[in-house]
**Q** 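The structure's right below; bear with me while I get my questions together.
Keep in mind the model is a prediction, meaning the values are calculated, not measured. Labels below follow one simple rule: chain letters A, B, ... track the order of the sequence lines, proteins then strands, and each chain is numbered from 1.
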Number of protein chains: 2
Amino acid sequence: MILASPTNTNSPEENTLEQFRLLCQKHGIKLTYQRLEIFRVLLSSTDHPTAEEIYARVKEKVPTISLDTIYRTLTTFEELGLVKRFYLFDDKARFDPNTKPHFHLICTKCQKILDFYWPEIKNIKIPDQVKKWGKINQLYLEFRGVCRQCQKK
Amino acid sequence: MILASPTNTNSPEENTLEQFRLLCQKHGIKLTYQRLEIFRVLLSSTDHPTAEEIYARVKEKVPTISLDTIYRTLTTFEELGLVKRFYLFDDKARFDPNTKPHFHLICTKCQKILDFYWPEIKNIKIPDQVKKWGKINQLYLEFRGVCRQCQKK
DNA sequence: GTAAGTGCAAATGATTTGCACAGCG
DNA sequence: CGCTGTGCAAATCATTTGCACTTAC
């Protein structure tokens, strides 16, 4: 498969391509059709999909792609800081393309994960016990509960 | 293997046995030597071990125990609310026998997990966005950083 | 005595890897 | 054109399960 022409228009499609071209250049990896489509799927996913879910979505555009390319590409993207890998309910890795600081709202019924932003949390007074322990680099916060839709059922 | 006599002395060993006997009775499961030793290992573990780690520890006392008994027993204990299962860095489940509300301090160098208590967190003002989403049942909080010992290296 | 629990071995599911070919730079 | 990336199949690792035997109650 040959990639689209290098000329940049202002369509969102072409912007993604151009953005991805620059990322590949910057990190010295090759721009392949597979990587581009995985990148697109990640950008449009707000539900923190598993590798299998990403596989299913990319397959619609690239039917010949294999699951191991998904895994390899996700690992590459993770190393470049484009996605974060995390584990939640089970042994399946989930991938979050949202690189802005945020937290998760998790419904324990439907297992859907929603991002939320809470910048004021920075002002929180961290307990002394935590300060004594060492140097804190990040705070992970997560609320678990039942979302509105599931409550209705 | 025949279990020790049912008479309760005040030694910590016997107290654990008696405590476990009552738990089994209450939940209607059989008191086996394997379950008791897994229970002991959990009680004495503050490092949130994986199933393999628990297996290695129990094996010192019960050399013939099998890994699948560890898994089955951990699942049973989880269902009874004696341990919590969670996923952190990888696809390996970790088990936490601490049933009191607490949070985790995680060293990203040595991967050690320390419990800490922060009851005042209950007074935190939960953002409206979170309240609108649904009913919150639990808050999970975790600090990641580098512990004192690892900083020295 | 009987149903629950255990150990063994094999199955399963997620993820990784070796290798030969394909395609980006 | 060379080396990185991909697809395939097989390997690996964590965890689960079927089955026959054991044991707590």
Side-chain angles (χ1 to χ4, degrees), chain A residues 1-6 17 20-39 48-56 58-59 61-80 83 85-95, chain B residues 1-6 17 20-39 48-56 58-59 61-80 83 85-95:
Chain A
M1 160 70 190
I2 307 303
L3 289 168
S5 81
L17 174 57
F20 189 60
R21 189 187 302 285
L22 288 172
L23 278 170
C24 290
Q25 216 153 57
K26 177 177 155 193
H27 292 107
I29 63 166
K30 286 183 183 171
L31 196 175
T32 68
Y33 181 44
Q34 288 86 334
R35 285 178 173 163
L36 174 63
E37 291 308 324
I38 293 170
F39 183 72
H48 315 77
T50 62
E52 284 280 358
E53 287 163 347
I54 294 166
Y55 178 48
V58 175
K59 226 175 170 177
K61 280 287 272 295
V62 194
T64 58
I65 202 167
S66 65
L67 184 55
D68 49 89
T69 295
I70 302 285
Y71 276 109
R72 271 189 271 237
T73 304
L74 288 171
T75 300
T76 304
F77 284 0
E78 188 190 15
E79 283 161 1
L80 305 184
V83 278
R85 181 191 306 242
F86 63 102
Y87 294 83
L88 221 51
F89 319 105
D90 52 30
D91 58 347
K92 295 188 193 114
R94 279 150 213 283
F95 296 87
Chain B
M1 161 75 192
I2 307 302
L3 287 169
S5 83
L17 175 57
F20 190 58
R21 189 185 304 284
L22 288 171
L23 276 171
C24 289
Q25 218 153 58
K26 177 177 157 193
H27 292 108
I29 63 165
K30 288 183 181 169
L31 197 175
T32 68
Y33 181 44
Q34 290 86 335
R35 284 178 174 165
L36 174 62
E37 292 308 324
I38 294 170
F39 184 71
H48 313 77
T50 62
E52 284 279 359
E53 286 163 348
I54 294 166
Y55 178 49
V58 176
K59 224 174 174 180
K61 280 287 270 298
V62 194
T64 57
I65 202 168
S66 66
L67 183 56
D68 49 272
T69 295
I70 302 286
Y71 275 109
R72 271 189 271 234
T73 303
L74 288 170
T75 301
T76 303
F77 285 0
E78 187 191 15
E79 282 161 4
L80 305 184
V83 279
R85 181 192 304 244
F86 64 101
Y87 293 84
L88 219 52
F89 318 106
D90 50 32
D91 58 349
K92 295 187 193 117
R94 280 150 211 282
F95 296 88

**Q** Who passes salt bridge (Lys or Arg N to Asp or Glu O under 4.0 Å) against A:Glu53, sequence neighbours left out?
**A** none
**Q** When the C1' atoms of the five terminal pairs at each end define the local axes, what inter-axis angle does the helix from C:dG1-D:dC25 to C:dG25-D:dC1 show, to 10 degrees?
**A** 30°
**Q** Heavy-atom nearest nucleotide on DNA chain D for B:Cys24 versus B:Arg94: which residue maps closer to 5'?
**A** B:Arg94
**Q** Does B:Thr75 have any side chain to side chain donor-acceptor pair (under 3.5 Å) partners at least two apart in sequence or in another chain, and if so, which?
**A** B:Arg85
**Q** Check the distance between D:dG5's C1' and A:Phe20's CZ and give it to me in whole angstrom.
**A** 12 Å
**Q** Can you tell me whether the side chain of A:Lys30 and the base of D:dC3 have a donor-acceptor pair closer than 3.5 Å?
**A** yes
**Q** Report the distance from atom OH of A:Tyr55 to atom P of C:dT16, rounded to the nearest whole Å.
**A** 16 Å
**Q** So, for B:Pro49 and B:Ile54, which heavy atoms are closest and what is the spacing to 0.1 Å?
**A** CG-CG1, 3.6 Å
**Q** Kindly point out which of D:dT15, D:dT6, C:dG7 is positioned nearest to the side chain of B:Tyr71?
**A** D:dT15
**Q** With sequence neighbours left out, what residues match A:Lys59 under side chain to side chain donor-acceptor pair (under 3.5 Å)?
**A** A:Tyr55
**Q** On DNA chain C, does the nearest nucleotide to B:Asp91 precede the nearest nucleotide to B:Arg35 from the 5' side, or the other way round? Give the residue.
**A** B:Arg35
**Q** Provide a list of protein-nucleic acid N or O atom pairs under 3.5 angstrom, restricted to nucleotides 8-11 of chain D.
**A**
| residue | atom | partner | partner atom | Å |
| --- | --- | --- | --- | --- |
| D:dC8 | N4 | A:Asp68 | OD1 | 3.1 |
| D:dC8 | N4 | A:Arg72 | NH2 | 3.4 |
| D:dA9 | N6 | A:Asp68 | OD2 | 3.4 |

**Q** Would you mind telling me which of D:dA14, C:dT16, D:dA24 lies closest to the side-chain atoms of A:Thr75?
**A** C:dT16
**Q** Would you mind reading off the distance between A:Ile29 atom CD1 and C:dG25 atom P, rounded to a whole angstrom?
**A** 10 Å
**Q** Without decimals, in angstroms, what is the distance between B:Leu36 CG and D:dA24 C1'?
**A** 13 Å
**Q** Nearest-nucleotide wise, let me know which of B:Ala93 and A:Gly28 is further upstream toward the 5' end of DNA chain D.
**A** A:Gly28
**Q** B:Arg94: which residues meet the salt bridge (Lys or Arg N to Asp or Glu O under 4.0 Å) condition with it, sequence neighbours left out?
**A** B:Asp90
**Q** Looking only at side-chain N and O atoms, does B:Thr32 come under 4.0 Å of OP1 or OP2 in D:dA24?
**A** no
**Q** Could you check how far NZ of A:Lys59 sits from P of D:dT6, rounded to whole Å?
**A** 16 Å
**Q** Suppose we screen for salt bridge (Lys or Arg N to Asp or Glu O under 4.0 Å). Which residues come up paired with A:Glu79, at least two apart in sequence or across chains?
**A** none
**Q** Kindly say whether A:Lys30 contributes a backbone atom to a donor-acceptor pair with the side chain of A:Arg35 at under 3.5 angstrom?
**A** yes
**Q** Restricting to salt bridge (Lys or Arg N to Asp or Glu O under 4.0 Å), what partner residues turn up for A:Asp68, sequence neighbours left out?
**A** A:Arg72
**Q** May I have the distance from B:Leu74 (atom CG) to D:dT16 (atom P), rounded to whole angstrom?
**A** 10 Å
**Q** A:Leu17 CG to C:dC24 P: how many Å, rounded?
**A** 13 Å
**Q** Mind calculating the distance between NZ (B:Lys92) and P (C:dA14) to the nearest angstrom?
**A** 18 Å
**Q** Under the side chain to side chain donor-acceptor pair (under 3.5 Å) rule, collect the residues that match up with B:Gln34, sequence neighbours excluded.
**A** none
